[in-house]
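Input: a single structure, listed below in structure tokens.
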Protein chains: 2
Amino acid sequence: MSTPDADLDDVDRRLLRRLGEDGRASYARIGVEVNLSATAVKRRIDRLRARGVVRGFTVVLDPRLLGWSTEAFVEVYCRERTSPEEILASLRKFPEVAAAWTVTGDADALVHLRASDTRHLEDVIERIRREPGIQRSRSSVVLSRLIG
Amino acid sequence: MSTPDADLDDVDRRLLRRLGEDGRASYARIGVEVNLSATAVKRRIDRLRARGVVRGFTVVLDPRLLGWSTEAFVEVYCRERTSPEEILASLRKFPEVAAAWTVTGDADALVHLRASDTRHLEDVIERIRREPGIQRSRSSVVLSRLIG
DNA sequence: AATGAAACTTGACTTGC
DNA sequence: GCAAGTCAAGTTTCATT
């Protein structure tokens, strides 16, 4: 088990902040901003990746412009011995997955989906159910957003 | 208020899915997977960015290592004839409610809670349960955030 | 920390629908 | 005109020293 903030030094933090702003920034450019050579920046990021602090990189989409206004929460039940990493690997494939958590209780994971309409939603849920390691699911379609 | 998938074609969608998996994937590599030249891929991404569909790129960090608070999802079951407005009025009182939705299915609402620790979480859930109009609840504590 | 080869990015120009 | 392809110059990545 890792302790919060592990051994991130100040350079790591500045570097991660920069990557948070632009996940595609080149190592060279980041290096200029944190006073490090591009090579040193790459080594640090590789190390953060290996330590699990950095899980990966992704694109930030505007859900409204995608027209995906139909939402649902899906409780996912996995087969025995399905690790969170495997669940993540399965869910990553779907751009409709807006968020996902592993949880305590009956289900193993809770998935927040965004789709264009109920047809699209149904389709995604079908495809998620067919992922290896995933046994069944239980869905709740969002009627309205109250808070948040 | 229907915003159908704007003018995203199938190539755009595959391209965005790929970027979702790896926001630092090179244009060349994406191109191989969607059968386009690297230049064409870049032009599409630039266009999606200009249209606001793509907001940017970011690094995905492990929340455990960043000192995030304890979270839970609570399904709330109401008494008959409890309106969404009444549910909202009840939930509004709690600053621990990060988000809330009315949903289809067994439960009436789904509530996303953020607390400092499990003790705090327990306390909030207790207080929500005592709200008039709310009958019972079913909680899942978040173990880890996978996506989002 | 520096080098160099391979890969990537990016703009200008060309082709084809 | 619009979107894709080709080419070439300039950068960046990455293994090695």
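Order of the sequence lines fixes the chain letters, A, B, ..., with proteins taken first and strands second; residue numbering starts at 1 for each chain.
- Hydrophobic cluster membership of Val103(B), counting Ile, Leu, Val, Met, Phe, Trp and Tyr whose side-chain heavy atoms lie under 4.5 Å apart directly or via other members: Phe73(A), Trp101(A), Val103(A), Leu110(A), Val142(A), Phe73(B), Trp101(B), Leu110(B), Val142(B).
- Looking at Arg18(B) and Val34(B), their side chains never come closer than 4.5 Å, going by heavy atoms from C-beta outward.
- Contacts classified as salt bridge (charged side-chain N to carboxylate O under 4.0 Å, His left out) and involving residues 86-99 of chain B (residues at least two apart or in different chains) are given here: Lys93(B)-Glu131(B).
- Contact check, Arg24(A) against dT9(C): a side-chain N or O comes under 4.0 Å of OP1 or OP2.
- In the hydrophobic cluster analysis, where Ile, Leu, Val, Met, Phe, Trp and Tyr join through side-chain heavy atoms closer than 4.5 angstrom, Phe94(B) is grouped together with Ile147(A).
- Applying the salt bridge (charged side-chain N to carboxylate O under 4.0 Å, His left out) definition to pairs two or more places apart or across chains, those involving residues 101-118 of chain A are Glu71(A)-Arg114(A), Asp106(A)-Arg138(B).
- Among pairs with a residue in residues 127-148 of chain B, none fulfils ring pair (Phe, Tyr, Trp, His ring centres under 6.0 Å), at least two apart in sequence or across chains.
- Between the side chains of Thr118(B) and Thr70(B), not a single donor N or O lies within less than 3.5 Å of an accepting N or O.
- Taking hydrophobic clusters as Ile, Leu, Val, Met, Phe, Trp and Tyr residues chained together by side-chain heavy-atom distances below 4.5 Å, Val32(B) does not share a cluster with Leu19(B).
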Once base and sugar-phosphate atoms are separated, protein heavy atoms under 4.0 Å mark nucleotides 10-17 of chain C, 5' to 3', with B, S and - as BB------
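- On the nucleic acid side, DNA chain D contacts chain A at distances under 4.0 Å to non-hydrogen atoms, with the end points of that region at dT12(D) to dC14(D).
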